[in-house]
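Sequential numbering from 1 along the given sequence is applied to the chain's residues.
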Amino acid sequence: MAKRRKVANPLALAVLAGLLKEPMHPYELGRRLMESGKSRHIRYNRGSLYMVVEQLRKAGFVTERETVRDTQRPERTVYAITDEGRAELRDWMHESVALPRAEYPQFGVALSLLGALDPAEAAGLLDRRSEALATEADEVRAHVKDAVDHGVAWALLAEEEYRLTLLNAERRFVARLAKSLRHPDHISVPQELLRPVPKRTRQEPDRTYRAGRQPG
């Protein structure tokens, strides 16, 4: 079972990991997230980043190290990770890597309600999804190739390899599902299920008993 955390936003995990390397101010944290490509997997903006840093400070996981004053820029507070923050990072990483967690993606919800669409219509929509998945997979491959060409080790691109694996698996699944929805036998089944069941006006007696026979 997932542990209830003082700061549960995944961005907080990235902040703790970033500060594990060295103290820095939120602006620098955001810049490194962008440069490393982590922003592809963690949704945030400047406001949310500063908010999470403040939440981590209140939780005792980071602390203010110094305030840097520059005549050309507003003063910036440099933060450092605390011993409690290191323990939280380690525990959170152990849980995230070792324990699968239900994430309730929107596509899974749509699949559970697919019966609300006409089979042919659903198949066409799945075709469009397959095309979008192929485009995204190509973008991930290009990103990985560019990173490798610039000397980034494969181990540091594990999240991209994971994403590419999911994209390829989902595309195969979507293709199979679209094909099955176009199969005549599949299309006929929902139509049968949707036909109203005729109501019985009165209960009919069991004819086997009327004839003096026991039901076999």
Side-chain angles (χ1 to χ4, degrees), residues 1-70 73-110 112 136-137 139-141 143-144 146-148 150-170:
M1 183 177 179
K3 186 176 182 179
R4 187 177 182 85
R5 304 201 173 273
K6 293 181 180 179
V7 186
N9 190 328
L11 178 57
L13 187 61
V15 169
L16 291 174
L19 294 180
L20 189 64
K21 299 176 182 178
E22 61 177 314
M24 64 185 88
H25 50 75
Y27 178 84
E28 179 65 15
L29 278 166
R31 187 184 69 81
R32 294 192 183 187
L33 284 172
M34 289 291 293
E35 288 184 351
S36 64
K38 298 295 186 292
S39 58
R40 291 163 55 88
H41 306 275
I42 304 171
R43 290 185 179 180
Y44 78 96
N45 54 41
R46 183 178 179 181
S48 63
L49 178 58
Y50 278 84
M51 180 186 69
V52 164
V53 170
E54 177 61 16
Q55 290 173 343
L56 290 170
R57 187 193 66 78
K58 290 181 178 179
F61 296 146
V62 304
T63 186
E64 296 180 4
R65 170 66 64 87
E66 62 178 327
T67 299
V68 179
R69 291 178 173 84
D70 190 324
R73 298 177 180 177
E75 63 179 31
R76 295 176 177 176
T77 302
V78 175
Y79 292 86
I81 191 170
T82 63
D83 290 339
E84 292 81 2
R86 289 186 179 88
E88 175 70 2
L89 172 62
R90 183 177 178 82
D91 184 65
W92 198 347
M93 284 296 297
H94 279 209
E95 178 187 281
S96 299
V97 174
L99 302 178
R101 185 175 182 178
E103 298 179 356
Y104 308 104
Q106 186 173 346
F107 183 49
V109 175
S112 70
E136 187 173 350
E139 292 174 354
V140 173
R141 291 189 189 95
H143 175 74
V144 170
D146 181 68
V148 171
H150 283 80
V152 178
W154 177 88
L156 300 178
L157 297 169
E159 73 274 18
E160 300 294 353
E161 186 73 17
Y162 172 67
R163 179 59 183 155
L164 188 58
T165 300
L166 292 181
L167 288 169
N168 290 334
E170 183 177 333

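E160 and R163 are not joined by a salt bridge, as no carboxylate oxygen comes within less than 4.0 angstrom of a charged side-chain nitrogen.
To the nearest 0.5 Å, atoms CD1 (I81) and CG (L16) are separated by 4.5 Å. Distance check, rounded to the nearest 0.5 Å: CZ of R141 to CD of E161 gives 10.0 Å. Here the OG1-CE distance, from T77 to M24, works out to 14.5 Å after rounding to the nearest 0.5 Å. Taken from CD in E136 to CG in L164, the straight-line distance is 10.0 Å, to the nearest 0.5 Å. The structure places CD of E88 at 6.0 Å from CG of D91, a figure rounded to the nearest 0.5 Å. Residue L29 holds its CG atom at 5.0 Å from CG of L19, rounded to the nearest 0.5 Å.
The shortest heavy-atom contact between A80 and R65 is CB-NH2, 3.5 Å. Heavy atoms only, all atoms of each residue included: I42 and A14 are closest at CD1-CB, 3.5 Å. Considering all non-hydrogen atoms of both residues, Y27 and Y50 come closest at N-OH, 3.8 Å. Across G60 and T82, no two heavy atoms sit closer than the pair O-OG1, 2.7 Å. Between N168 and A137, the shortest heavy-atom distance links the atoms OD1-CB, 4.3 Å.
When side chains are defined from C-beta on, R46 does not count as touching L49, because their heavy atoms never get closer than 4.5 Å. Between L89 and L13, some side-chain heavy-atom pair lies under the 4.5 Å cut-off.
With sequence neighbours excluded, no residue forms a side chain to side chain donor-acceptor pair (under 3.5 Å) with E64. Qualifying side chain to side chain donor-acceptor pair (under 3.5 Å) partners for R32, counting only residues two or more places apart in sequence or in other chains: E22, E28.
The backbone N or O of D146 sits less than 3.5 Å from a side-chain atom of H150, completing a donor-acceptor pair.
The neighbour count for R90 CZ, taken as heavy atoms of other residues, nucleotides or ligands under 6.0 Å away, does not exceed 12.
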Point to revise | Criterion salt bridge (charged side-chain N to carboxylate O under 4.0 Å, His left out) on E95 and R5, from CA distance to verdict | key: CA-CA 11 Å; E95 178 187 281; R5 304 201 173 273; 3.5 Å; yes
